[in-house]
Asks: 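Structure provided below as structure tokens; questions to follow.
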Number of protein chains: 2
Amino acid sequence: MAATYKDIRRLTGVSLATISKYFNGGNVIHNNRVLIEQATRDLGYQVNDVARGLRSRRSMTLGVVLAELNSTFYTTIISSMEEKLREAGYGTIICDSRGSAEAEAEAIHFLIGKMVDGIVIMPVGDEVAGLAAAAARGVPVVTVDRAIANAAVDTVVIDNRAAIASAVDLLVDAGHIDIGLLAGPDAIFTMRERRLGFREAVKRHTGRLPRRTFTQPDPVSVQGGYQGLRRLLALEPRPTAVVCANYEFTVGATVAINELAADAPVPAIVGFDNLDLARIIRPRPTLVVQPVAQIAVRAAELILDRIASPFPLEPRSVVLESELVVGDPATYAFRGGQS
Amino acid sequence: MAATYKDIRRLTGVSLATISKYFNGGNVIHNNRVLIEQATRDLGYQVNDVARGLRSRRSMTLGVVLAELNSTFYTTIISSMEEKLREAGYGTIICDSRGSAEAEAEAIHFLIGKMVDGIVIMPVGDEVAGLAAAAARGVPVVTVDRAIANAAVDTVVIDNRAAIASAVDLLVDAGHIDIGLLAGPDAIFTMRERRLGFREAVKRHTGRLPRRTFTQPDPVSVQGGYQGLRRLLALEPRPTAVVCANYEFTVGATVAINELAADAPVPAIVGFDNLDLARIIRPRPTLVVQPVAQIAVRAAELILDRIASPFPLEPRSVVLESELVVGDPATYAFRGGQS
DNA sequence: CTTTCAGTACGAAACGTTTCGCCATGGGAG
DNA sequence: CTCCCATGGCGAAACGTTTCGTACTGAAAG
């Protein structure tokens with residue numbers, strides 16, 4: 001159905017080798033160039049990347065495995081990354097692991113079968129099952145957002161401890177002492193780091209470790225943030241401020257606060273990610289904002305670099321800084337002790 | 001580097017044809033089956049989909065072209081669709097056209113080169129440039145969310161007129177007469193349909209066509225919704241209610257309303273999409289909610305069906321209903337005439 | 001007037017599968 | 001005991017490229 005080099009040869013008399021050279025930017029004598037271009041137009045010819053990939057062993061396709069397609073944070077990263085990769089000529093196959101390590105391993109298997117030239121992964125847990133398989137086939141891997149225990153892969157993360165510390169600092173400055181944390185399980189890199197950062201920061205300020213933390217098993221759930229905030233508020237003494245360790249928790253906590261009885265004391269709150277949120281919620285919340293576009297761009301750079309490099313590179317690790325976007329003072333002010 | 005059939009043959013003595021049969025689920029005598037399985041394990045063998053795709057002319061990969069990866073509405077659809085497609089054994093290559101018809105055509109070109117077995121597209125405008133090329137190569141196409149003028153492709157859309165009408169009905173019932181519309185340009189199918197539905201509904205109720213509509217050239221922009229609402233409110237007489245024709249506009253309009261002076265009359269508002277929004281904004285807004293998961297599933301079904309069908313099918317069109325999720329009465333109540 | 005060399009062109013052999021046509025085997029029907 | 005048919009196996013030829021080694025050309029160098 002679709003035209004091939006052979007059709008072009010038939011129309012032009014030029015050999016396959018020369019046609020290949022033409023389509024790969026090589027030098028071709030003017031006359032042949034014109035002939036090939038004419039034939040290409042006449043036939044509506046388009047290079048078959050599958051055949052090309054088989055022979056050249058480069059599929060010009062990258063795989064992306066992410067923990068949750070339904071999360072703004074991840075899709076924003078994908079969006080920037082896809083743009084960058086396409087500019088470099090690469091297509092992007094996206095797989096959603098839905099937070100399951102098993103699905104993640106399957107996805108990697110799948111991508112290897114598709115002969116992707118590299119894999120960008122936002123890992124579910126601390127171990128990624130398919131990593132050995134990828135390494136065995138020389139498929140480079142870059143992890144994003146979450147680091148992997150002692151694996152020789154490139155990594156892009158933010159400084160999670162500093163991120164949380166900046167939130168704690170603000171709250172302490174505002175007069176809060178009893179601060180709660182709403183985070184996911186320690187099995188998740190970001191949650192563990194943020195919890196550690198939280199403890200460090202609280203200890204640094206108060207000399208004591210915090211007690212008020214709530215761990216929600218499902219990290220990417222609005223519902224979890226909702227319940228978590230309610231649990232925290234049920235504690236005695238009740239925390240006067242809460243830090244939410246990711247976007248979904250921030251949304252859930254906001255919902256819960258919205259539902260508080262009018263006379264109930266509203267806790268101060270600092271959330272995570274997604275600046276848009278700051279614009280639609282009143283009073284304007286304070287958020288730890290990650291440099292999403294940068295994360296994406298750096299990840300793309302790392303993987304492209306590694307693919308291009310003729311010899312194995314040392315594993316590299318990029319750590320980016322987050323920013324605390326301070327909202328309406330009413331949302332983080334200290335309004336006196338517990339009720 | 002990676003093992004091939006030849007390696008398996010070397011270890012087992014079984015012919016390539018039989019090995020192929022095994023990996024395609026054919027009948028293989030018990031002894032051979034065991035041998036092949038053993039060798040597969042020993043070698044860490046995995047089928048090369050690129051070679052398979054070249055020979056069998058089925059790449060088991062689908063392309064998705066969407067107008068904006070940075071839009072919850074689209075990513076939610078992608079998420080459900082990817083799951084469905086993967087279950088059927090297909091990988092998904094995602095391309096973001098960023099609202100540009102040119103990028104859209106490029107994306108289709110790119111996908112055709114990758115020998116995708118089908119393309120799901122959320123078109124930018126009323127014409128899709130690459131459609132002919134896809135048809136010429138027998139690559140089936142399904143459009144989602146937006147229909148395309150007289151093209152022989154399958155389509156999944158919602159009943160946009162009814163969707164908007166349900167919003168207008170609610171507002172009219174609440175006592176509003178002077179209702180504004182915040183929509184994007186008519187070049188976009190959904191925007192055109194929703195505007196038409198709006199006019200029809202208003203006319204049906206009031207006997208007159210509405211005058212208060214604002215068209216924002218950039219349809220997927222929060223900023224546009226923000227400006228649009230301010231423009232509408234600057235009109236004399238001022239509309240007492242506003243319908244927002246998509247998600248981004250709804251967010252933008254909400255921001256604008258949040259910024260209204262405390263004493264300024266707040267217009268009633270009905271928005272579009274993304275139920276999560278309803279949970280974090282207080283008072284709870286009224287939203288036209290599209291059946292996102294269903295849209296995705298139906299689109300996946302259509303494309304898989306068409307790929308599987310040995311003979312060309314009639315173009316099919318699926319129209320789904322949206323749902324009006326009514327929020328806090330305060331957000332749509334009529335509070336008297338214009339100021 | 002030969003030698004050399006840069007610039008191109010070409011044929012043929014890959015790349016790792018699937019698929020086609022043909023052959024061997026063996027058990028049941030006649 | 002023969003014949004048939006179902007089952008499974010095999011070799012070889014694709015699929016549409018890239019790439020390797022070789023060969024041609026004409027102009028510059030000797």
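Predicted, not measured: the structure shown is a model, and the values here were computed from it. Labels below follow one simple rule: chain letters A, B, ... track the order of the sequence lines, proteins then strands, and each chain is numbered from 1.
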Asks: For B:I8 and C:dG16, give me the distance from atom CD1 to atom C1', rounded to whole Å.
Replies: 11 Å

Asks: Enumerate, atom names and distances included, each donor-acceptor pair closer than 3.5 Å involving a side-chain atom of residues 44-54 of chain B, sequence neighbours excluded.
Replies:
{"unit_1": "B:Q46", "atom_1": "OE1", "unit_2": "A:H109", "atom_2": "ND1", "d": "3.4"}
{"unit_1": "B:Q46", "atom_1": "NE2", "unit_2": "A:H109", "atom_2": "O", "d": "2.4"}
{"unit_1": "B:N48", "atom_1": "OD1", "unit_2": "B:V50", "atom_2": "N", "d": "2.8"}
{"unit_1": "B:N48", "atom_1": "OD1", "unit_2": "B:A51", "atom_2": "N", "d": "3.1"}

Asks: Which residues satisfy the salt bridge (charged side-chain N to carboxylate O under 4.0 Å, His left out) test with A:E104, sequence neighbours excluded?
Replies: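 Salt bridge (charged side-chain N to carboxylate O under 4.0 Å, His left out) check on A:E104 returns nothing, list empty.
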
Asks: Check nucleotides 5-7 of chain C against the protein and report each pair of N or O atoms closer than 3.5 Å, with its distance, or say if there are none.
Replies:
none

Asks: Which residue pairs pass the salt bridge (charged side-chain N to carboxylate O under 4.0 Å, His left out) test with at least one member in residues 72-94 of chain A, sequence neighbours excluded?
Replies: A:E82-A:R86, A:E83-B:R98

Asks: When the C1' atoms of the five terminal pairs at each end define the local axes, what inter-axis angle does the helix from C:dC1-D:dG30 to C:dG30-D:dC1 show, to 10 degrees?
Replies: 40°

Asks: Could you pull out all residues at least two apart from A:A132 that satisfy side-chain contact (heavy atoms from CB on, under 4.5 Å)?
Replies: none

Asks: Tell me, which of residues 30-37 of chain B have any heavy atom that sits under 4.0 Å from an atom in DNA chain D?
Replies: B:N32

Asks: Backbone N or O of A:V292 within a donor-acceptor pair of the A:Q290 side chain at under 3.5 Å?
Replies: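 No, A:Q290 side chain to A:V292 backbone: no donor-acceptor pair under 3.5 Å.
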
Asks: Check every strand shown and say whether A:V28 touches a base, only sugar-phosphate, or nothing at a heavy-atom separation below 4.0 Å.
Replies: sugar-phosphate

Asks: Touch check for B:L54, heavy atoms < 4.0 angstrom, all strands: base, sugar-phosphate only, or nothing?
Replies: base

Asks: May I have the list of side-chain donor-acceptor pairs in residues 24-33 of chain A shorter than 3.5 Å, sequence neighbours left out?
Replies:
{"unit_1": "A:N24", "atom_1": "ND2", "unit_2": "A:S20", "atom_2": "O", "d": "2.7"}
{"unit_1": "A:N24", "atom_1": "ND2", "unit_2": "A:S20", "atom_2": "OG", "d": "3.4"}

Asks: Which residue, B:V142, B:T155, B:D154, B:V318, forms the side chain to side chain contact (heavy atoms under 4.5 Å, CB included) with B:R298?
Replies: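 Checked B:V142, B:T155, B:D154, B:V318 against B:R298; only one passes side chain to side chain contact (heavy atoms under 4.5 Å, CB included): B:V318.
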
Asks: Give the B/S/- string for nucleotides 17-27 of chain C, one per nucleotide from 5' to 3', where a protein heavy atom under 4.0 Å of the base yields B, of only the sugar-phosphate yields S, and otherwise -.
Replies: BBB--------

Asks: Taking side-chain contact (heavy atoms from CB on, under 4.5 Å) as the test, write out the residues that go with B:A17, two or more places apart.
Replies: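 side-chain contact (heavy atoms from CB on, under 4.5 Å) list for B:A17, sorted by chain: B:S15.
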
Asks: Which residues pass the side-chain contact (heavy atoms from CB on, under 4.5 Å) test with B:D117, sequence neighbours left out?
Replies: B:R58, B:S59, B:M60, B:L62, B:Y90, B:I307

Asks: Using the salt bridge (charged side-chain N to carboxylate O under 4.0 Å, His left out) rule, collect all pairs that involve residues 133-150 of chain A, keeping only residues at least two apart or in two chains.
Replies: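 Listed by first then second residue: nothing to list.
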
Asks: Report yes if some heavy atom in the side chain of B:F189 is under 4.5 Å from a heavy atom in the side chain of B:T143; otherwise report no.
Replies: no

Asks: Would you say the side chain of B:V14 lies within less than 4.5 Å of the side chain of B:Y22, judging by non-hydrogen atoms?
Replies: no

Asks: Any non-hydrogen side-chain atom of B:T72 less than 4.5 Å from a side-chain atom of A:T72?
Replies: no

